[in-house]
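Structure record follows, encoded as structure tokens.
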Amino acid sequence: MKKFFSVADVDDLSILVKDALALKASPYALRDLGKNKTLGLVFLNPSLRTRLSTQKAAMNLGMDVMVINMDKDGWALETQDGVVMNGTTVEHIREAAAVMGEYCDILGLRSFPSLKDKEADYTEDLFNKFVKFCAVPVVSLESATRHPLQSLTDLITISEHKNVEKPKVVLAWAPHVKALPQAVPNSFSEWMCKAQEQGLVDFTIAHPMGYELSEEFTKGAKISDNLEESLQEADFVYVKNWSSFAEYGEVYPVAQNWMMDNEKLKLTNNAKVMHCLPVRRDLELSSEILDGPNSLVIKEASNRVWAAQVVLKRMLEKLK
Ligand code: CP
């Protein structure tokens, strides 16, 4: 694996999940694989889970890890060509990415979208330039439009906790006070659509009108603006807020209460409730669910290690 950016970088989801669960059973079995190899993690935005779980995964494989918070500790990056750099940007991505590639065997990059310029965000300009100029394998730590390590984690978690062969999985929009990216729901949707194609899940998306995701990510999903109807017989409910794709980055008022709580849980097949975290309690998801027996959020976050570890393992195997 040279790049981990989207579900298209994976052939068979079941095999990847099986390999991840084998690493979970024996975390330190491959400590020699990453010996004398360095992982560089580059953050342009905050992170708790992605940062720590990816470091932990790399250490389990015997790698050395370096982390840079580019937004705080690095030089201000210029990403456009043909620009006379007489403004606030100090270093061009051409040099910055190339230099980081000299120090590291594998790089990870986190960069959120602007939520202002849809075209720049959805062409993944920054991520693609980073890949082009660094010359080593790159793992996305969440980009403008996708969060593949989170989605792989979510598939691992569903596989571990399912009680039926093909569970019903519902991605349920939730309220928020800020405009959030579409990266997590886009990514979850494209992974679940592929999982549905491979016979692993039955997938529904529920959101209020105006919050349609880009069709690029939702092919094959059932889509509804009726949350209560969508929750019927659900085995897993994946709660997440996102801002509008059509009216890019906009937040519309929603009259109905879309927060997942115990009343809504009664409509489901005693569903397990997931969220990528961080979560705003009693705004996106009720405390009674988060603190109750149906919540998978901590187990889900814990599985971030095995998602990162299986991806790094595959990249290290290609370096040999
Ligand atoms: N879910 C997730 O990516 O968490 P962080 O933003 O804390 O890394």
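In listed order, ligands and their atoms are each counted from 1.
Between the side chains of Ser114 and Asp121, at least one donor N or O sits under 3.5 Å from an acceptor N or O. Using a 3.5 Å distance cut-off with no hydrogens or angles, the side chains of Arg110 and Asn69 do not pair a donor with an acceptor.
The environment of CG in Asp81 is crowded: more than 12 heavy-atom neighbours from other residues, nucleotides or ligands sit within 6.0 Å. By the neighbour-count criterion of 12 heavy atoms within 6.0 Å, atom OH of Tyr103 is sparsely surrounded, having that number or fewer from other residues, nucleotides or ligands.
For the pair Lys118 and Phe245, the distance from NZ or CZ to the six-membered ring centre is under 6.0 Å and the angle to the ring normal is within 45 degrees.
For the pair Asn294 (side chain) and Ala271 (backbone), a donor-acceptor distance under 3.5 Å is present.
For a heavy-atom separation below 4.0 Å, the residues in contact with ligand 1 are Ser47, Leu48, Arg49, Thr50, Arg110, His147, Gln150, Cys276, Leu277, Arg304.
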